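Down below is the structure, laid out as structure tokens.
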Amino acid sequence: ELLRCPPSSRTPVLLGPASLSSHCSVSCLYNKGVMCNSSCRPPFPPQAKGDLIGVSICRKCIAPKPARTHHCSICNRCVLKMDHHCPWLNNCVGHYNHRYFFSFCLFMTMGCIYCSISGWDMFREAYAAIERMKQLEKERLQAAANQTYYQTPPPAFSFRQRAFHKSIVYLWVLCSSVALALGALTLWHAALITRGETSIERHINKKERQRLQKKGKAFRNPYSFGAWDNWRVFLGVDVPRHWLTRVLLPSTHLPHGTGLSWDTPPCVRPWHAPLLAI
Ligand SMILES: [Zn+2]
Ligand SMILES: [Zn+2]
């Protein structure tokens with residue numbers, strides 16, 4: 001009984017919250033598609049000096065480097081508001097695709113958590129079935145050891161049954177591992193977004209904070225507008241309906257600003273405005 005493949009009556013249970021799972025899949029694929037599309041790579045900073053104010057020069061590109069821009073040694077170019085180079089997506093994460101990267105991580109994690117929770121019972125049954133198959137195989141071989149070869153009884157299960165149960169175990173282990181690893185990465189990036197920092201700025205700001213602390217001064221991140229407004233700026237939420245149209249649903253809207261200069265976006269509440277950056 002335990003060795004049978006799960007009956008089809010279980011399918012509706014798995015597909016119950018189908019809207020959540022398909023939404024996660026669609027959003028995840030959409031964001032990954034944008035991230036991996038070479039035509040959507042973050043644009044180069046301009047090569048002409050005239051348009052930019054208060055910029056340094058990139059030693060490798062020998063070109064102006066706006067604030068928050070960093071040189072990526074893998075892409076061999078400067079990237080606006082560079083966060084990090086993602087080897088999994090084979091692309092740099094910067095000003096124009098940071099939101100897509102985060103959405104991809106978030107929806108992928110949600111999808112994996114959904115699969116892990118809804119597949120828990122199936123995993124347990126498949127695991128028990130594999131253990132039972134091992135036991136049956138052991139008994140069969142022990143019985144065969146006392147008899148001649150042509151009298152060996154046939155296996156109590158088919159190759160298909162075993163492959164099915166092993167696939168379920170593999171699927172569940174893979175889903176839960178990805179949920180844990182990607183979940184940790186997503187939480188880390190969520191913390192950075194809350195603070196209005198990129199991964200690179202995290203290190204720079206940490207050093208600066210320690211340096212100023214020794215002098216008895218406090219460090220303030222000039223690109224942070226407060227936790228709530230940082231999220232609104234990051235996700236491009238200007239009006240409440242954008243939470244639906246721009247966050248929950250796939251959206252192609254551009255981020256605030258050009259990535260060349262960093263002014264306070266109009267959606268930020270006025271009492272955060274004094275934190276103006278270059
Ligand atoms: Zn450069
Ligand atoms: Zn890169």
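Excluded from the calculations below are hydrogen atoms, water molecules and symmetry mates; all remaining heavy atoms, backbone and side chain alike, are included. Ligands are counted one by one from 1 in listed order, and the atoms in each one are counted from 1 as well. It should be emphasised that the depicted structure is a prediction, and the values quoted were computed from it without experimental measurement. Numbering of residues begins at 1 and proceeds along the displayed sequence.
For His85, the N, O or S atom with the smallest separation from the Zn ion (ligand 2) is ND1. Nearest N/O/S atom of His71 with respect to the Zn ion (ligand 1) is recorded as ND1.
Not a single N, O or S atom of Cys86, from either the backbone or the side chain, sits less than 2.8 Å from the Zn ion (ligand 2). Taking backbone and side-chain atoms together, His70 has no N/O/S atom less than 2.8 Å away from the Zn ion (ligand 1).
Using cut-offs of 30° and 60° on the angle between ring planes, the pair Phe234 and His98 is perpendicular.
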TODO: In sequence, state the C-alpha distance, the side-chain angles, and the governing distance for Asp238 and His256, and then conclude on side chain to side chain contact (heavy atoms under 4.5 Å, CB included).
DONE: CA-CA 10 Å; Asp238 299 333; His256 280 292; 2.8 Å; yes

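Ring-centre distance between His189 and Phe101: below the 6.0 Å cut-off.
His253 places a side-chain N or O within donor-acceptor distance of the main-chain N or O of Leu235, the cut-off being under 3.5 Å.
Considering the Zn ion (ligand 2) as centre, the angle to SG of Cys72 and to SG of Cys92 is 100° (10° rounding).
With salt bridges taken as basic N to acidic carboxylate O contacts below 4.0 Å, none links Lys134 and Glu137.
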